[in-house]
Amino acid sequence: MTTIIAFIIIFGILVIVHEFGHYFFAKRSGILVREFSVGMGPKLLAFRRNNTTYTLRLLPLGGYVRMAGWQDEDDEIKPGTQLTLETNPAGEVTRINTSDKVTLQGGIPVQVSHVDLVNDLVVEGYENGDESELKTWHVNHDATIIESDGTEVVIAPADVQFQNASIGKRIMTNFAGPMNNFILAILAFMVVGFMTGVQQLDSNAVQVVASEPAAKAGLKTNDHITAINGKKMKDYNAILTALSKKQKSVTLTIAQGKQDKTLTVKPTKDGKIGVMPIVDHSPMAAIKYGFTQTWFMGTRILSELKSMVTGGFSLNKLAGPVGIYTMTSQFASQGFISLVFFLGFLSVNLGIINLVPIPMLDGGKIVINLIELVRGKPLPREREGVITLIGVGIMVALMVAVTINDIMRIF
């Protein structure tokens with residue numbers, strides 16, 4: 001149960017933070033955000049503020065943001081559809097009900113002939129089924145539409161659609177999701193640094209374990225190991241490498257205060273002498289660790305992606321929901337700090353993977369934006385739709401293959 005809860009919370013945080021990035025920059029770019037949902041599936045509750053409907057849904061699996069025109073979303077209402085209109089004193093339509101789950105008291109029942117909620121903002125049809133007179137109602141720019149599941153959102157006129165924003169604002173809105181994941185990773189690693197301190201691996205200063213060979217030989221905490229067996233040591237990683245070889249004894253050249261000394265140490269049977277990196281518990285070290293660890297993780301992930309392209313593709317280098325659940329179980333067993341570290345690791349992964357230039361992902365959308373910038377005009381919507389469809393096919397096939405591989409690795 002602990003693993004399930006941890007998985008839901010981590011997955012939810014990752015997705016909501018990602019979607020909030022799109023939401024935040026869309027709002028400030030004049031793009032209408034029609035809905036911001038926490039969770040998926042059936043709606044539990046909803047409220048609307050500043051033309052955005054905020055919903056809480058049943059399945060606690062992330063969430064999503066709906067921007068007007070972002071994913072070829074429209075409110076097509078076919079001729080013959082029965083709906084109800086609510087108007088203001090000026091006769092403008094303010095609410096359109098297409099759901100049989102909601103009743104508009106005093107609304108006008110209409111059999112639709114033609115609806116345009118993007119450009120002309122009109123509804124044409126027959127009131128109360130009277131086909132002797134075709135009527136036209138003008139729709140208010142900020143009117144709402146009640147969808148089939150009962151969710152009420154603002155309509156999406158052309159001037160507030162994604163495509164109407166400048167190319168720079170669209171690129172930033174697409175990039176904002178991955179950017180938020182990078183920010184989340186930095187914050188998560190900062191938290192780890194504040195809670196545990198930060199190992200100073202870029203220093204040759206060491207912390208000494210009491211009663212171990214190095215301590216018995218006279219090495220003290222904060223001494224600098226400047227050389228091992230005559231070879232210079234620039235940092236702790238070099239020290240670790242030099243001590244990884246099984247040796248009967250090692251000669252340490254150390255800087256102890258203002259004095260340089262030479263010590264001979266006999267390692268234990270497993271080759272250890274009892275030294276660890278210095279741990280810095282200062283706030284500045286934790287803040288720096290947030291940035292450096294995010295950068296380190298990011299470069300490693302990019303290196304792995306490069307090797308998959310140049311050195312051969314392997315599903316074993318990828319993990320889907322099943323693989324992530326398994327890893328969540330492992331980190332959850334190690335405690336809260338390990339889970340926070342895992343959150344940072346996954347957030348860097350999600351940010352980078354979303355920037356891969358595959359249509360459907362944010363990276364693919366940015367590439368389409370850049371093509372438009374070079375061409376001086378957008379790609380035809382039909383062609384962009386085909387490209388996106390291909391991207392969806394690739395992602396679905398990859399997800400199925402990765403999930404099957406994850407299950408096979410477990411069993």
Side-chain angles (χ1 to χ4, degrees), residues 3-4 6-22 37-42 57-67 70-73 174-178 180-182 184-185 297-298 300-332 342-368 384-411:
T3 300
I4 294 174
F7 176 79
I8 290 173
I9 292 175
I10 287 176
F11 187 81
I13 291 174
L14 287 172
V15 176
I16 293 300
V17 167
H18 179 96
E19 294 299 319
F20 184 78
H22 295 310
S37 174
V38 175
M40 308 289 280
R57 295 183 178 271
L58 179 62
L59 303 177
L61 298 174
Y64 59 86
V65 60
R66 287 171 59 188
M67 288 182 277
W70 196 37
Q71 295 175 322
D72 292 327
E73 176 185 65
N174 282 324
F175 177 70
N180 260 25
N181 285 124
F182 297 139
L184 174 62
M297 289 287 186
R300 282 188 60 185
I301 295 166
L302 288 172
S303 178
E304 287 293 330
L305 289 174
K306 180 181 177 182
S307 70
M308 290 177 66
V309 174
T310 60
F313 179 81
S314 173
L315 287 175
N316 291 326
K317 293 183 178 181
L318 300 174
V322 175
I324 294 174
Y325 179 84
T326 302
M327 288 188 284
T328 302
S329 177
Q330 296 169 354
F331 279 93
F342 184 51
L343 172 65
F345 167 73
L346 286 179
S347 199
V348 177
N349 270 271
L350 182 60
I352 290 178
I353 293 301
N354 261 281
L355 289 176
V356 172
I358 295 177
M360 175 188 171
L361 296 180
D362 296 321
K365 294 172 184 175
I366 291 173
V367 169
I368 291 175
E384 184 178 338
V386 170
I387 293 173
T388 302
L389 192 61
I390 292 172
V392 171
I394 292 172
M395 292 304 300
V396 170
L398 185 60
M399 183 59 69
V400 170
V402 168
T403 300
I404 293 173
N405 189 61
D406 285 341
I407 294 172
M408 291 178 66
R409 279 191 289 185
I410 293 174
F411 296 102

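Sequential numbering from 1 along the given sequence is applied to the chain's residues.
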Problem - Partners meeting side chain to side chain contact (heavy atoms under 4.5 Å, CB included) with F175 (sequence neighbours left out) - result: M172, M179, L355, I366
Handout entry: Main-chain N/O of G41 paired with R57 side-chain donor or acceptor, under 3.5 Å
Key = yes
Exercise for the section: Please report the closest heavy-atom contact between N354 and P178, naming both atoms and the distance. Expected result: CB-CG, 3.9 Å
Problem - Qualifying residues under side chain to side chain contact (heavy atoms under 4.5 Å, CB included), relative to A6, sequence neighbours excluded - result: T328, L339
Problem - Listed partners of H22 passing ring pair (Phe, Tyr, Trp, His ring centres under 6.0 Å), at least two apart - result: H18, W70
Fill in the blank from the handout: Here the pair of heavy atoms bringing V367 nearest to P357 is CG2-CB, 3.6 Å
Atom pairs and distances, side-chain donor-acceptor, residues 390-397, under 3.5 Å, sequence neighbours left out:
none

Problem - Distance in Å, N174 CG paired with M67 CE, rounded so as to fall on 0.5 Å steps - result: 6.5 Å
Fill in the blank from the handout: Hits for side-chain hydrogen bond (donor to acceptor under 3.5 Å, both in side chains) against N180, two or more places apart or cross-chain, chain-then-number order -> none
Fill in the blank from the handout: For F331, the ring pair (Phe, Tyr, Trp, His ring centres under 6.0 Å) test, sequence neighbours excluded, returns F342
Problem - Contacts of type side chain to side chain contact (heavy atoms under 4.5 Å, CB included), residue T326, not counting sequence neighbours - result: Q330, I410
Handout entry: Heavy-atom closest pair, residues G21 and A176
Key = O-CB, 3.1 Å
Handout entry: Whether E19 side chain and Y64 backbone form a donor-acceptor pair below 3.5 Å
Key = no
Problem - Separation of N349 CG from R300 CZ (nearest 0.5 Å) - result: 10.0 Å
Handout entry: Separation between CE of M360 and OG1 of T388, rounded to the nearest 0.5 Å
Key = 9.5 Å
Problem - Spatial distance of atom CD1 (I16) from atom OG (S37) [nearest 0.5 Å] - result: 7.0 Å
Practice task
Starting from the C-alpha separation in whole Å, work towards a yes-or-no answer on side chain to side chain contact (heavy atoms under 4.5 Å, CB included) for K306 and L302.
Solution key: CA-CA 6 Å; K306 180 181 177 182; L302 288 172; over 6 Å; no
Handout entry: Qualifying residues under side chain to side chain contact (heavy atoms under 4.5 Å, CB included), relative to L14, sequence neighbours excluded
Key = I10, N181, L184, L343, L346, S347, L350
Handout entry: All ring pair (Phe, Tyr, Trp, His ring centres under 6.0 Å) counterparts of F20, not counting sequence neighbours
Key = Y23
